[in-house]
Amino acid sequence: MARPTPRRPFRLSILLLSVLSCEHTQPFEGAPPPPIVGPFVNTFPARLTYNMGVDAYPSWTPDGAHILYQAQDASQPDRDRCLFLIPAQGGTAAPVACDDGLGSQDSTNVFGPAALSPSGKLIFYKSAEPTGFGVATTIGMYLAPIVPVATSDSALALPVVATSGARADKLISLRWLGDSGFLGLGIRTSLFTPYPCNACKQNDTLETGVQVFWVDMRSTPPVVTPIPGTDRASSFSFVAPDTIYFTLNNDNRILRTRIGGGAVDSVFAFATDSNDAPAGFRSAVATIARGVQVTGHTAYAVLGGRVQYHPDSGSGEAQQDWGGKVHKINLTTGADTALSMAPPPAGLGYVWMRHLALSPDGSMLTGEGRPVLLQQIVGGTWLGTDTTISPTANIWEYIHP
């Protein structure tokens with residue numbers, strides 16, 4: 001892919017307009033989807049990207065006009081992951097950061113997760129590993145003054161250490177607070193080998209939450225502070241001026257605290273979940289909440305789907321998440337509503353979501369979605385839910401969820 005052309009640092013809205021108007025080649029995607037036009041209230045998610053690889057970690061630009069996300073080039077043996085911007089309601093994606101292509105394909109270069117500050121600065125995770133090695137040999141957080149990224153500087157060395165002593169080798173769900181610094185969920189990555197191993201095609205990467213961190217960028221090097229009370233957090237959402245909502249590994253609650261510490265309150269607890277079989281065939285499954293996003297008195301979270309928790313006294317806990325059902329919760333009344341997972345035509349399949357991200361005004365909810373076969377019926381006989389999940393993922397979106 002051609003190296004992005006640097007832009008002059010004007011205001012963010014002008015920057016994004018210039019990014020999306022530049023000419024470029026789309027290396028990963030086929031024909032872009034048509035923009036979604038309003039008024040449009042959907043009870044099902046709309047698909048925004050059509051990459052054959054994995055699209056992940058969506059985040060919103062401060063003006064809510066675009067979504068920043070990571071895209072994997074599945075057509076190349078090195079499977080690089082790059083950063084792209086796409087209009088909030090669909091359209092043509094524009095490159096933001098990627099490998100310059102000058103080297104060989106003997107390494108996998110990863111850009112993102114990432115987040116834009118109000119002034120247009122980009123903070124992003126970057127790593128490199130020998131192709132097929134499975135473990136990053138170079139990792140860190142980088143800062144670029146403008147987008148598309150022409151130059152960037154190392155901003156924060158990884159890993160960072162949680163209150164418990166656990167080490168987080170990656171920061172996701174990045175959220176700038178002004179231009180002074182950002183919040184991020186520290187995670188520990190590990191390799192999971194599917195069983196049986198002699199049939200393995202490739203290892204899966206597990207991302208287990210460690211703690212929420214505040215990274216103060218007003219000093220060099222930045223000051224990293226674990227948010228008290230968020231040890232083992234699996235997701236978080238910031239609500240101004242200083243409130244953190246979060247979930248925990250292997251836990252069914254939405255919790256709340258303040259950036260500076262203090263009491264930790266449970267604001268909602270999910271009831272026991274069930275699988276997606278018809279009435280009479282349902283069975284209770286473990287209830288693990290994650291992907292929390294909050295606006296006003298409304299919360300969104302992911303529940304059910306396929307998630308597994310693995311306690312391990314030696315290497316530490318691990319939570320494996322392929323996505324699940326999106327729930328909408330009224331924190332005032334306690335009403336819990338599951339949003340539709342099935343884009344039309346209904347009845348053939350649905351989408352499990354993870355890594356939710358709410359737009360600044362709360363009108364759009366996006367996430368990483370993976371298609372799942374809804375059911376298996378042969379000769380009128382119910383055989384059960386097929387939970388085989390697509391190895392690819394794309395960015396999906398609820399409008400006015």
Side-chain angles (χ1 to χ4, degrees), residues 42-48 54-58 172-173 185 187 192 194 204-209 232-237 245-255 268-278 281-294 298-310 317-329 335-343 346 348-358 365-375 384-398 401:
N42 62 339
T43 57
F44 53 85
R47 184 176 178 179
L48 298 186
V54 175
D55 294 335
Y57 305 117
I172 68 172
S173 303
L185 175 65
I187 62 173
F192 169 75
D204 191 12
T205 300
L206 275 64
E207 298 181 342
T208 303
R232 302 181 58 249
S234 59
S235 68
F236 80 95
S237 180
Y245 291 85
F246 63 100
T247 59
L248 298 177
N249 300 324
N250 197 37
D251 196 282
N252 68 326
R253 298 170 295 169
I254 298 176
L255 303 170
F268 188 81
F270 288 97
T272 301
D273 193 35
S274 65
N275 63 24
D276 299 307
F281 291 86
R282 294 174 180 169
S283 59
V285 296
T287 304
I288 300 177
R290 61 269 192 212
V292 66
Q293 294 288 285
V294 177
T298 301
Y300 300 92
V302 175
L303 200 70
R306 180 183 286 185
V307 58
Q308 297 177 2
Y309 177 76
H310 308 276
E317 65 180 351
Q319 185 161 295
Q320 192 173 17
D321 181 14
W322 290 270
K325 296 169 282 187
V326 179
H327 284 240
K328 178 180 180 179
I329 305 96
D336 176 8
T337 304
L339 301 185
S340 173
M341 303 174 292
L348 298 179
Y350 53 82
V351 178
W352 277 346
M353 304 281 284
R354 67 176 187 174
H355 296 150
L356 300 182
L358 194 64
L365 181 69
T366 187
E368 173 189 329
R370 292 174 183 260
V372 184
L373 181 64
L374 178 61
Q375 59 188 20
T385 299
D386 184 351
T387 55
T388 299
I389 304 173
S390 170
T392 65
N394 293 110
I395 304 302
W396 294 69
E397 181 182 78
Y398 290 92

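Any value given below was found using the heavy atoms of this structure, including those in side chains, with hydrogens, waters and symmetry copies removed.
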Does Ala269 offer a backbone N or O that forms a donor-acceptor pair with the side chain of Asn252 under 3.5 Å? no

With sequence neighbours left out, the residues meeting side-chain contact (heavy atoms from CB on, under 4.5 Å) with Asp251 are Leu248, Arg253

Partners of Tyr300 by side-chain hydrogen bond (donor to acceptor under 3.5 Å, both in side chains), sequence neighbours excluded? none

Residue set satisfying side-chain contact (heavy atoms from CB on, under 4.5 Å) with Asp321, at least two apart, ordered chain then number -> Arg290, Val307, Arg354

Going from CZ on Phe236 to CD1 on Ile172, what distance comes out if it is rounded to the nearest 0.5 angstrom? 9.0 Å

Looking at every heavy atom in both Ala299 and Val294, which two are closest together, and how far apart are they? CB-CG2, 3.9 Å

Can you tell me how far NE2 of His327 sits from OG1 of Thr337, rounded to the nearest 0.5 angstrom? 9.5 Å

Under the 3.5 angstrom rule, does the side chain of Lys328 hit a backbone N or O of Leu339 as a donor-acceptor pair? no

Closest approach of Arg370 and Trp322, non-hydrogen atoms and distance? CD-O, 3.7 Å

For Ala233, which residues count as a side-chain contact (heavy atoms from CB on, under 4.5 Å) partner, sequence neighbours excluded? Leu185, Val212, Thr230, Phe246

Closest heavy-atom pair and its distance - Ile187, Gly209: CG2-CA, 4.1 Å

With rounding to the nearest 0.5 Å, note down the distance linking OH in Tyr398 to OG1 in Thr366. 10.5 Å

Okay, side chain of Ser235, backbone of Gly291: is any donor-acceptor separation there less than 3.5 Å? yes

In this structure, CE of Met353 is separated from CD of Glu368 (nearest 0.5 Å) by 9.0 Å

Measure the OG1-CG distance between Thr298 and Leu365 for me, rounded to the nearest 0.5 Å. 11.5 Å

What distance separates Arg306 CZ from Gln320 CD, expressed to the nearest 0.5 Å? 8.5 Å

List in chain and number order the residues that pass side-chain hydrogen bond (donor to acceptor under 3.5 Å, both in side chains) with Gln319, two or more places apart in sequence or in another chain; answer none if no residue qualifies. none

Minimum heavy-atom distance between Pro45 and Ser340, given as atom pair plus value: CD-O, 3.5 Å

Test item: Ile254 and Phe270 side chains (from C-beta on) under 4.5 Å apart, heavy atoms: yes

List the atom of Ile288, the atom of Leu303, and the distance in Å for their closest heavy-atom pair. O-CD1, 3.7 Å

Counterpart residues, side-chain contact (heavy atoms from CB on, under 4.5 Å), relative to Ala271 (two or more places apart): none

Minimal non-hydrogen separation, Val54 against Thr392, with atom names: CG2-CA, 4.3 Å

